[in-house]
Structures are given as C-alpha cells and as structure tokens.
*Asks:* 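Take a look at the following structure, please.
Residue numbers count from 1 along this sequence.
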Amino acid sequence: MADPDLDALRTRFTRTLEAARTPGEGPDPTPYADNLLTRWQEPQRRYHTLAHLTAVLDHIETLETYAADPDAVRLAAWFHDAVYLPDRSENEERSARLAERALPEAGVPAPTTAEVARLVRLTVTHAPADDDTNGQVLCDADLAILASPPSAYAVYTAEVRKEYHFVPNDAFREGRSAVLRQLLGLPKLFHTPYGQEHWEPTARYNLTSELDLLSA
C-alpha cells in the first residue's frame, strides 16, 4: 500500500473536529492532528498504522448513514488505537483516556467526548448493542479487514505476527487460534446491514482458512 498522505489525513481530522465542536470555537486543530499522526507512526506498529487508520476512516464513510453521530464515530476511529503497545492489555482504556483529555481541550462538548471515549472502549469486545448504531459502524469499520481479498488478508496476518514478534511461535499459534475460534463462534461478525451483506461471508472464509493453516 502507498504511504498515507499526511496532509490529507490532517485535513480529514480538522474537518471532523470542527464538525464536532461549536462552529468558530476551539484552538487550532493542527497540533491535535499532528500528535495523533505521530502516535500512529510509532515504530512498534506493523498493522496498527496510518494505513489501518485510513482504511477504518474510509469504511466509516461507506457506513456513515447507519450512525447516529458519524463525526463522533470518526473521532473514535482516530483515537481507537492511538495508544498501542503490543505487549500491553490496556491500550483501549489508555486510548479512551487520551480522548477524554484531548477533546475537551480541543473544544469538543462533553457529551460528544463521552461518546467518543465509550466507542473507543467498545473496541475491546467489538460487541455493540442492537440499538448502538454508532458502535456498530465503528466496530464494523475496524473489523472490515477480515473481509479483505485473500492476498490482502495474508498481508494483514503477516503484519499482526510482526507486531507480536516477541511471542514464541507455538504460543502465538495457540493464542491466535483461540481468537479466530472466538470470532467464528459469534452469531455475526458484522452488525450493520452493509457489513452483514458484503463482508460477513468473505470474513468467515478468511478466518476459517487461517485457522486451518494454524492447525496444520
């Protein structure tokens, strides 16, 4: 994949932030965008990179008509892996707390900030309620990689393995297989009508194929 366009991403963040706050109020969005862009380029990342962020934002554009507050969902996408250390288990919580600190300072009202933080925390389970349209859009956009063409899915799995390079092979296979079985055991991987129609069958094929390879 080509290197993400930092200027384009900065512009996308600025538009989203300005849409989420009172028009004409709040500080310059650029420092907030740059802080997030720096975080998404940290060297420990192989999959959770600017390419992933861009893909999630693009998928939200596809799904935004289902969301009650698309701008809150977009802000949640920017923050959902803003704190990411592969060997830590509290990344989502720390990312949510970052949003809770940064967004009020950037001029975002308290209810929107609270919704963004809630959505970030939801990415721990990717299990939104049936009436949680914002959560459904974010979770589907985040997991859309599972429905990639097989060649792109293979690249994704290789990138995940690189992020967990410190885990021995046997332990990685066991842990990854458990994740795949848990996903395949869900009644549905995707929650929006679009995701269920367009992504569900391919995602289940990819997950099953990867599990078979790990079990071989």
*Asks:* Begin with the C-alpha distance, continue with both residues' side-chain angles, and end with the deciding distance and a verdict on side chain to side chain contact (heavy atoms under 4.5 Å, CB included) for D140 and H59.
*Replies:* CA-CA 8 Å; D140 280 16; H59 292 313; over 6 Å; no
*Asks:* Calculate, to the nearest 0.5 Å, the distance between atoms CG and CG belonging to L36 and L98 respectively.
*Replies:* 6.5 Å
*Asks:* Please check if the side chain of T16 supplies one atom and the backbone of D71 the other of a donor-acceptor pair under 3.5 Å.
*Replies:* no
*Asks:* Just how far is it from atom OG of S209 to atom CZ of R204, taken to the nearest 0.5 Å?
*Replies:* 13.0 Å
*Asks:* Under 4.0 Å between a Lys/Arg side-chain N and an Asp/Glu carboxylate O for R118 and E115?
*Replies:* yes
*Asks:* Is any side-chain heavy atom of E64 closer than 4.5 Å to a side-chain heavy atom of V73?
*Replies:* no
*Asks:* Can you measure from NE2 (H48) to CH2 (W40) and round to the nearest 0.5 angstrom?
*Replies:* 7.0 Å
*Asks:* Can you name the nearest heavy-atom pair linking G195 to F190, along with the distance?
*Replies:* C-CB, 3.6 Å
*Asks:* Say whether, by atom type as modelled, one donor and one acceptor occur between the side chain of T49 and the main chain of R45 under 3.5 angstrom.
*Replies:* no
*Asks:* Do R88 and R94 come within less than 4.5 Å of each other through their side chains, counting heavy atoms only?
*Replies:* yes
*Asks:* Would you confirm whether N206, through its side chain, and S148, through its main-chain N or O, come within 3.5 Å as a donor-acceptor pair?
*Replies:* yes
*Asks:* Let me know which of E90, E92, E100 forms a salt bridge (charged side-chain N to carboxylate O under 4.0 Å, His left out) with R121.
*Replies:* E100
*Asks:* Less than 4.5 Å apart, any side-chain heavy atom of R176 and any of Y164?
*Replies:* no
*Asks:* For N134 and A67, indicate whether the former's side chain and the latter's backbone hold a donor-acceptor pair under 3.5 Å.
*Replies:* no
*Asks:* Do T112 and L103 have side chains that approach each other closer than 4.5 Å (heavy atoms only, starting at C-beta)?
*Replies:* no
*Asks:* Does the pair T54 and R12 meet the rule for a side chain to side chain contact (heavy atoms under 4.5 Å, CB included), with working shown?
*Replies:* CA-CA 10 Å; T54 302; R12 291 177 83 164; 4.1 Å; yes
*Asks:* As an exercise, state the distance from CG of L138 to OG1 of T123, rounded to the nearest 0.5 Å.
*Replies:* 6.5 Å
*Asks:* For the hydrophobic clusters of this structure (ILVMFWY residues joined by side-chain heavy atoms under 4.5 Å, transitively), does one cluster hold both Y66 and L75?
*Replies:* no
*Asks:* Examine V120 and L17 and state if one hydrophobic cluster contains both, with Ile, Leu, Val, Met, Phe, Trp and Tyr joined whenever side-chain heavy atoms are less than 4.5 Å apart.
*Replies:* yes
*Asks:* Side chain of T202, backbone of W199: donor and acceptor closer than 3.5 Å?
*Replies:* no
*Asks:* Please evaluate residues Y194 and V137 with respect to the criterion side chain to side chain contact (heavy atoms under 4.5 Å, CB included), reporting the C-alpha separation (whole Å), side-chain torsions for both, the decisive distance (0.1 Å), and the verdict.
*Replies:* CA-CA 10 Å; Y194 184 97; V137 168; over 6 Å; no
*Asks:* Of all the heavy-atom pairs spanning H126 and H191, show the shortest one and how long it is.
*Replies:* O-NE2, 3.7 Å
*Asks:* Can you find a pair of side-chain heavy atoms, one from E61 and one from L57, that are under 4.5 Å apart?
*Replies:* no
*Asks:* Would you say the side chain of D132 lies within less than 4.5 Å of the side chain of L122, judging by non-hydrogen atoms?
*Replies:* yes
*Asks:* Going by the angle between their ring planes, with limits at 30° and 60°, are Y156 and Y47 parallel, tilted or perpendicular?
*Replies:* perpendicular
*Asks:* With the 4.5 Å side-chain cut-off for hydrophobic clustering, are L211 and I145 part of the same group?
*Replies:* yes
*Asks:* How long is the straight-line distance from OG1 of T133 back to CG of L63, given to the nearest 0.5 Å?
*Replies:* 11.5 Å
*Asks:* Regarding R173 and N169, do their side chains bring together a donor and an acceptor under 3.5 Å, going by distance alone?
*Replies:* no
*Asks:* Between CG of L53 and CZ of R39, what distance do you get to the nearest 0.5 Å?
*Replies:* 13.5 Å
*Asks:* Mark yes or no for whether S177, through its side chain, and E174, through its backbone, hold a donor-acceptor pair below 3.5 Å.
*Replies:* no
*Asks:* Has the side chain of Q136 got a donor or acceptor atom that lies under 3.5 Å from a matching backbone atom of P128?
*Replies:* no
*Asks:* Report yes or no: do L37 and V116 belong to one cluster of Ile/Leu/Val/Met/Phe/Trp/Tyr joined by side chain heavy-atom distances under 4.5 Å?
*Replies:* yes
*Asks:* Okay, side chain of R21, backbone of A106: is any donor-acceptor separation there less than 3.5 Å?
*Replies:* yes
*Asks:* Could you walk me through whether Q41 and L6 pass the side chain to side chain contact (heavy atoms under 4.5 Å, CB included) test, one step at a time?
*Replies:* CA-CA 11 Å; Q41 296 177 87; L6 294 181; 4.1 Å; yes
